[in-house]
There are 2 protein chains.
Amino acid sequence: MTEFKENINYFLVEIFNNILAFEQRCLNRFGGNFTINDVHIIEQIGLDGKRKMTDIAEAMGVRLASMTSAADRLERKGCIVRERSAVDRRIVLMSLTQYGRVTFKLHKRFHDRMANKVIEAFTDEELRVLSPALASLNEFFKKADPSMISV
Amino acid sequence: MTEFKENINYFLVEIFNNILAFEQRCLNRFGGNFTINDVHIIEQIGLDGKRKMTDIAEAMGVRLASMTSAADRLERKGCIVRERSAVDRRIVLMSLTQYGRVTFKLHKRFHDRMANKVIEAFTDEELRVLSPALASLNEFFKKADPSMISV
DNA sequence: ATGGTATAATTAGAATATCTAACTATTTAA
DNA sequence: TTAAATAGTTAGATATTCTAATTATACCAT
């Protein structure tokens with residue numbers, strides 16, 4: 001059992017960092033001048049329609065002011081546009097430019113192929129367990145509250 | 001099979017962010033004025049002895065200049081000290097202060113308890129598969145090269 | 001209609017974090 | 001002894017985040 005604990009711990013530290021490092025390597029290779037964060041925002045905006053600044057900020061788990069800052073940079077890079085909603089002029093809507101859409105599609109394709117590579121590394125048996133396990137793990141961390149961990 | 005792919009993809013995006021968010025929440029709660037990055041560096045230095053700046057930078061996957069910057073901040077916070085090696089005076093060694101050691105132990109304990117909580121969420125059967133699977137996943141990303149993913 | 005309150009986004013300022021390039025000091029090799 | 005290599009720091013620029021304050025808009029109460 002101790003071995004499991006150590007692997008989980010390992011996961012929380014090492015895999016985390018390795019994924020980050022790998023993603024960065026890929027971006028350096030294929031990403032033009034986008035940062036990981038840029039790409040995640042582009043992914044959140046999506047291809048269809050316009051998203052509220054507030055919603056994207058929430059989805060990314062950052063404050064609205066941080067999203068403004070990021071949107072400034074993405075706008076400067078030419079891949080998003082911002083406009084006021086006609087319905088409620090307080091609301092700013094973000095959408096992708098043509099350049100942004102190309103970028104979205106490129107990265108989506110890249111992610112898909114990377115997921116394929118990962119899947120190839122496991123047997124069907126393993127995947128059958130790993131897949132729901134990852135879903136559970138995600139749910140755990142999404143809901144996890146610091147007070148759960150008594151110190 | 002498509003379901004598996006979707007979960008893996010989900011893992012690569014969502015869990016990553018959720019773990020980060022959770023870790024940040026815990027740090028806000030228990031961490032004093034340390035950032036996640038601070039904690040990771042403290043963990044890399046460890047309790048026993050002194051580590052080369054270069055080695056820690058490598059382990060963290062950042063450039064040496066970035067580590068200098070981080071070390072400056074950590075030194076200012078009073079949890080590390082830097083000194084020149086007597087063997088080779090080009091080399092700077094980092095070690096934890098008493099305050100740094102207390103912080104190390106606190107976070108180590110926290111991580112252990114968090115791992116326990118994660119383990120509680122799974123059956124023995126799942127853990128038996130999940131543990132080596134996570135190890136494989138880690139190995140994959142550690143070695144993964146962008147050229148593996150044809151676009 | 002007017003004034004007060006709430007909401008959404010931006011701005012300003014500060015801190016963290018990363019990188020490249022240049023510099024300083026030390027060690028190693030020729 | 002000189003030149004090259006190595007380790008760390010500095011300088012400058014960019015990315016990223018947050019808080020607090022500000023601006024503009026919408027909503028509510030009178």
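In what follows, chains are A, B, ... by sequence order, proteins preceding strands, each numbered from 1.
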Taking [atom1] from [X] and [atom2] from [N], how many angstroms apart are they, rounded to a whole number?
X     : N      : atom1 : atom2 : result
A:E75 : D:dA15 : CD    : C1'   : 17 Å
A:R90 : D:dC27 : CZ    : P     : 6 Å
B:I91 : D:dT6  : CD1   : C1'   : 9 Å
A:E58 : D:dC18 : CD    : P     : 13 Å

Near A:K77 NZ, under 6.0 Å, is it more than 12 heavy atoms from other residues, nucleotides or ligands?
yes
Decide, yes or no, whether a salt bridge links A:D112 with A:K108 under the criterion of side-chain N to carboxylate O below 4.0 Å.
yes
Under 4.0 Å from any atom of DNA chain D, heavy atoms only: list the residues of residues 95-102 of chain A that qualify, in numerical order.
none
Quickly, which of A:E83, A:M67, A:E75, A:Q44 forms a side chain to side chain contact (heavy atoms under 4.5 Å, CB included) with A:M94? Name it, please.
A:M67
The residue, B:D55 or A:R89, whose nearest nucleotide of DNA chain D is more 5′ is B:D55
Can you tell me if A:N116 uses its side chain to pair, donor with acceptor, with the backbone of A:R113 under 3.5 Å?
no
Give a yes or no answer on whether the side chain of B:T103 reaches the backbone of B:Y99 with a donor-acceptor pair at less than 3.5 Å.
yes
Between the side chains of B:S69 and B:D72, is a donor N or O closer than 3.5 angstrom to an acceptor N or O?
no
For each nucleotide in nucleotides 10-22 of chain C, reading 5' to 3', give B when a protein heavy atom comes within less than 4.0 Å of its base, S when such contact involves only the sugar-phosphate, and - otherwise.
BB----SBBBB--
Do B:R84 and B:I91 pass the side-chain contact (heavy atoms from CB on, under 4.5 Å) test, and can you show the C-alpha distance, the side-chain angles, and the key distance before you say yes or no?
CA-CA 6 Å; B:R84 291 278 170 181; B:I91 290 170; over 6 Å; no
Could you label the plane-to-plane angle of the A:H107 and A:F34 rings as parallel, tilted or perpendicular, counting under 30° as parallel and over 60° as perpendicular?
perpendicular
